[in-house]
Amino acid sequence: MTADFTGKTALVTGASRGIGLGIAAELAARGAKIVVTARNKADLDAAVAELGGTDVALAVPGKADDPEHRAFAVAAAVERFGSLDVLVNNAGINPHFGGLIDADLGAVRKILEVNLVGALAWTQEGYRVWMKEHGGAVLNVASIGGIVAGPFIGAYNVSKAALIHMTRQLGAELAPGIRVNAVAPAVVKTRFAAALFEGHEEESAAAYPMKRLGVPQDVAKAAAFLLSEDAAWITGETVVLDGGLSLAGGSA
């Protein structure tokens, strides 16, 4: 059976394209009302159209690390659709490509501010406004790089490792009323990850036992399960979605 989200409202950050939009589309297809956030209004408006229009989805443009944006988006979800049952912390940045030892510290701080502190802040806002009294489910989009070290995106990987532990911490703190889980994808074919596969996709995919890179739908299906009542006894966990890459000792 496919989990039903009818009557529930989901807020998905970083949802104008890629994994975020994929998760939003999966939840909408299962009956949820959706609030999507991202920086670019035009991209968000296109996402709302793809999700089924303004009866189904609401676009709230802004920066994920802006407190006023977070407060407005959460309040808008409750005002427009009557609840905030599901929160997906997908917004993330990676302004530094390369190892950690040579990373600009300003870039590292910004990565942590958006990828880690931002996810906590969104969760705090959702908790205060709705979930503390009514319950809910939170999903953090982490990365296989938060589990297995890799050479290309060191600071990003550190932020995702911290996000994975934050998932455990919040899972323990917020149970039983609120479940908090995460997914840890390897390379998924999105614009965000393009530098990791464009021009050498076949070579990159050869390292995966499943012999392909991920697509947003691979993450979206797992996300919908973790956010649904089918996963009612799962919290604080991180599900690895990597086509078997870590089985072969590989890293993203």
Side-chain angles (χ1 to χ4, degrees), residues 12-21 36-44 60-71 73 87-125 139-170 182-201 203-204 207 213-214 216 219 238 240-242 245-246 249-252:
V12 185
T13 70
S16 61
R17 59 177 185 263
I19 289 173
L21 180 55
V36 288
T37 78
R39 288 176 293 179
N40 188 290
K41 183 180 184 302
D43 289 346
L44 276 181
V60 184
K63 295 182 178 180
D65 58 345
D66 177 359
E68 291 184 1
H69 167 62
R70 291 191 297 261
L87 172 65
V88 179
N89 289 311
N90 174 68
I93 62 168
N94 183 39
H96 176 79
F97 188 83
L100 186 61
I101 196 63
D102 296 318
D104 175 77
L105 294 183
V108 174
R109 291 187 186 97
K110 186 65 175 177
I111 290 168
L112 291 170
E113 182 65 30
V114 175
N115 297 2
L116 178 65
V117 179
L120 175 58
W122 278 104
T123 306
Q124 289 178 336
E125 191 71 28
L139 183 81
N140 296 320
V141 179
S143 169
I144 189 64
I147 299 171
V148 181
F152 303 120
I153 48 176
Y156 177 84
N157 289 347
V158 168
S159 76
K160 295 302 185 177
L163 184 62
I164 288 169
H165 188 73
M166 190 178 82
T167 298
R168 291 192 289 265
Q169 183 68 34
L170 289 176
V183 289
V187 176
V188 176
K189 292 169 63 177
T190 64
R191 190 190 308 177
F192 181 80
L196 298 174
F197 68 88
E198 275 192 347
H200 51 88
E201 181 179 339
E203 179 184 354
S204 297
L213 303 181
V219 182
T238 296
V240 174
L241 309 170
D242 71 348
L245 181 65
S246 56
S251 61

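Basis for what follows: all heavy atoms, side chains included, without hydrogens, waters or symmetry-related copies. For reference, positions follow the sequence shown, starting with 1.
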Would you compute the distance between atom CG of L139 and atom OG1 of T123 and round it to the nearest 0.5 angstrom?
10.0 Å
Could you report the tightest heavy-atom contact between A15 and A38, atom names first, then the distance?
N-CB, 4.3 Å
Of all the heavy-atom pairs spanning V114 and G92, show the shortest one and how long it is.
CG1-CA, 4.2 Å
Flag, side chain of N115 to backbone of I93, donor-acceptor distance under 3.5 Å:
yes
So which atom in S16 and which in L21 form the shortest heavy-atom distance, rounded to 0.1 Å?
O-CD2, 3.7 Å
Minimum heavy-atom separation for V88 and V141, please, with both atom names.
CG1-CG2, 4.2 Å
Say you draw a straight line from CG of L213 to CG of D242; how long is it, rounded to the nearest 0.5 Å?
11.5 Å
Filter on side chain to side chain donor-acceptor pair (under 3.5 Å), then keep only pairs touching residues 103-114, sequence neighbours left out; what's left?
D65-K110
Shortest non-hydrogen contact between T238 and I164, atoms and distance
OG1-CG2, 3.6 Å
Going by side chain to side chain contact (heavy atoms under 4.5 Å, CB included), name the residues that satisfy it together with A119, two or more places apart in sequence or in a different chain.
N89, N140, L163, M166
dist L87:CG -> Q124:CD (nearest 0.5 Å) comes out at 11.5 Å
Contacts of K63 that satisfy salt bridge (Lys or Arg N to Asp or Glu O under 4.0 Å) - sequence neighbours left out:
none
Parallel under 30°, tilted from 30 to 60°, perpendicular over 60°: which one fits the rings of H69 and W122?
perpendicular
What one should report as the nearest heavy-atom pair of I144 and A186 is CG2-CA, 3.4 Å
Start with the C-alpha gap between R17 and D43, add the side-chain angles, then the distance that decides, and say whether side chain to side chain contact (heavy atoms under 4.5 Å, CB included) holds.
CA-CA 8 Å; R17 59 177 185 263; D43 289 346; 3.7 Å; yes
